[in-house]
A.B. asks: 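I am attaching a structure below and will ask some questions about it afterwards.
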Amino acid sequence: MNIRPFADQDLADIVALFTDSVHQIASKSYTPEQLATWAPRSPDLEQWRSRLSGVKTLVAESRGVLAGFISFTSAGHIEFLFTAPSFSRRGVASLLYKAASQRLAASGVTKLTTDASLEARPFFESQGFKVVGEQAVERNGVAFRRFAMAGPP
């Protein structure tokens with residue numbers, strides 16, 4: 001598995017991975033309406049380009065295939081951590097998290113935060129994160145449940 005910085009040519013693959021991951025992995029915890037709102041099947045690539053421009057992103061590749069990605073702020077907030085469904089439960093998220101947390105710790109960050117989905121919460125708990133609050137968020141009139149979490153780098 002190769003971990004490297006995001007490059008502009010990765011954008012379409014990252015968005016496709018995100019969409020597939022939400023619709024296949026998160027489908028256990030969210031309704032079809034929630035999934036369609038969270039990850040539209042026809043995503044706006046320019047909106048994604050804008051979202052990723054404000055964070056650092058690392059990608060994991062296996063034999064040239066995108067296996068996952070993590071995006072985080074320089075202050076230690078993890079914005080995205082997703083793996084391709086075909087790489088689920090194969091250690092990709094752990095590798096990405098470790099790479100990001102090492103970079104953040106080296107830059108002096110002492111606490112990491114994230115807003116975890118129902119599916120992501122157990123992963124972050126396994127990394128030492130604790131729930132600091134349950135959140136009810138709304139996107140386009142659709143409500144979602146997630147968790148504000150904090151943990152060590």
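Small disclaimer: the values here were computed from a predicted structure and weren't measured.
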A.B. asks: Run the side chain to side chain contact (heavy atoms under 4.5 Å, CB included) check on Arg41 and His23 step by step: do they pass?
C.D. replies: CA-CA 9 Å; Arg41 289 290 187 182; His23 284 274; 3.3 Å; yes
A.B. asks: Quick one, Gln135 with Arg145, criterion side chain to side chain contact (heavy atoms under 4.5 Å, CB included). Give me CA distance, side-chain angles, the key distance, then yes/no.
C.D. replies: CA-CA 6 Å; Gln135 302 170 325; Arg145 183 173 160 225; over 6 Å; no
A.B. asks: Between Phe69 and Trp48, what is the ring plane arrangement, given parallel below 30°, perpendicular above 60°, and tilted in between?
C.D. replies: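 Perpendicular.
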A.B. asks: Given side chains that start at C-beta, do those of Asp115 and Phe147 come closer than 4.5 Å, heavy atoms only?
C.D. replies: no
A.B. asks: Are the side chains of Arg139 and Phe144 in contact, using a 4.5 Å heavy-atom criterion?
C.D. replies: yes
A.B. asks: Which heavy atom of Gln24 sits nearest to which heavy atom of Ser27, and what is that distance?
C.D. replies: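 The answer is O-OG, 3.0 Å.
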A.B. asks: Looking only at non-hydrogen atoms, find the nearest pair between Gly128 and Pro152 and report the distance.
C.D. replies: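 That would be O-CD, 3.5 Å.
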A.B. asks: Flag yes if Phe82 and Leu11 sit in one hydrophobic cluster, no otherwise; membership is Ile, Leu, Val, Met, Phe, Trp, Tyr, and two members link when side-chain heavy atoms are under 4.5 Å apart.
C.D. replies: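 Result: yes, single cluster for both.
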A.B. asks: Does Met149 reach the side chain of Arg121, with side-chain heavy atoms less than 4.5 Å apart?
C.D. replies: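 Yes, at least one pair of side-chain atoms sits under 4.5 Å.
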A.B. asks: Where the side chain of Tyr30 meets the backbone of Ala36, is there a donor-acceptor pair that is under 3.5 Å apart?
C.D. replies: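 Side chain of Tyr30 to backbone of Ala36, a donor-acceptor pair under 3.5 Å: no, none is there.
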A.B. asks: What pair of heavy atoms forms the shortest contact from Ala105 to Pro153, and how long is it?
C.D. replies: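 Heavy atoms only, the tightest pair is CB-CB, 3.9 Å.
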A.B. asks: Applying ring pair (Phe, Tyr, Trp, His ring centres under 6.0 Å), can you list everything that pairs with Phe72, at least two apart in sequence or on another chain?
C.D. replies: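 Checked Phe72 against ring pair (Phe, Tyr, Trp, His ring centres under 6.0 Å); zero matches.
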A.B. asks: Are Tyr97 and Leu112 close enough that some pair of their side-chain heavy atoms sits under 4.5 Å apart?
C.D. replies: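 A side-chain contact exists here, since the closest heavy-atom pair is under 4.5 Å.
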A.B. asks: Among Leu66, Leu81, Thr83, Ile3, whose side chain to side chain contact (heavy atoms under 4.5 Å, CB included) with Val92 holds?
C.D. replies: Thr83
A.B. asks: Decide whether Leu17 and Phe123 are clustered together by the hydrophobic rule: side chain heavy atoms of Ile, Leu, Val, Met, Phe, Trp, Tyr closer than 4.5 Å, transitively.
C.D. replies: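 Yes, same cluster.
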A.B. asks: Any salt bridge (Lys or Arg N to Asp or Glu O under 4.0 Å) involving residues 23-37? Give me the pairs, sequence neighbours left out, ordered by first then second residue.
C.D. replies: none
A.B. asks: Rounded to the nearest 0.5 Å, what separates atom CG in Leu58 from atom CG in Leu95?
C.D. replies: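 These two atoms lie 11.5 Å from each other.
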A.B. asks: Find the distance between OG (Ser88) and CG (Asp20) and round it off to the nearest 0.5 Å.
C.D. replies: 12.5 Å
A.B. asks: Thr19 versus Pro43: any side-chain heavy-atom pair under 4.5 Å?
C.D. replies: yes
A.B. asks: Mind checking the CG-NE2 spacing from Leu104 to His77? Nearest 0.5 Å is all I need.
C.D. replies: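 The distance works out to 12.0 Å.
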A.B. asks: Taking atom CG of Leu45 and atom CD1 of Ile14, what is their separation to the nearest 0.5 Å?
C.D. replies: 11.0 Å
A.B. asks: Could you check whether any side-chain N or O of Thr114 sits under 3.5 Å from a backbone N or O of Ile78, counting only pairs where one atom can act as donor and the other as acceptor?
C.D. replies: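 Side chain of Thr114 to backbone of Ile78: a pair is present.
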A.B. asks: So Gln127 and Ser94, do their side chains get closer than 4.5 Å, heavy atoms only?
C.D. replies: yes
A.B. asks: Please report the closest heavy-atom contact between Ala39 and Phe18, naming both atoms and the distance.
C.D. replies: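 Where Ala39 meets Phe18 most closely, the heavy atoms are CB-CE2, 3.6 Å.
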A.B. asks: Return the CD to OG distance between Glu119 and Ser21, rounded to the nearest 0.5 Å.
C.D. replies: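 These two atoms lie 9.0 Å from each other.
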A.B. asks: With the 4.5 Å side-chain cut-off for hydrophobic clustering, are Val65 and Met1 part of the same group?
C.D. replies: yes
A.B. asks: Please tell me if the side chains of Phe6 and Ser71 come closer than 4.5 Å, counting only heavy atoms from C-beta onward.
C.D. replies: no
A.B. asks: Sub-3.5 Å donor-acceptor pair from the side chain of Arg90 to the main-chain atoms of Ser86, do we have one?
C.D. replies: yes
A.B. asks: If you measure from OG on Ser117 to CD on Gln34, what distance do you get to the nearest 0.5 Å?
C.D. replies: 11.0 Å
A.B. asks: Should Phe80 and Ile70 count as side-chain neighbours, where that means a heavy-atom distance under 4.5 Å?
C.D. replies: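 Phe80 vs Ile70: side chains apart.
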A.B. asks: Inspect the contact between Arg4 and Asp10 and indicate whether a charged nitrogen and a carboxylate oxygen are less than 4.0 angstrom apart.
C.D. replies: yes
A.B. asks: Would you say Val132 ends up clustered with Phe124 if hydrophobic residues are merged whenever their side chains have heavy atoms under 4.5 Å apart, either directly or through other cluster members?
C.D. replies: no
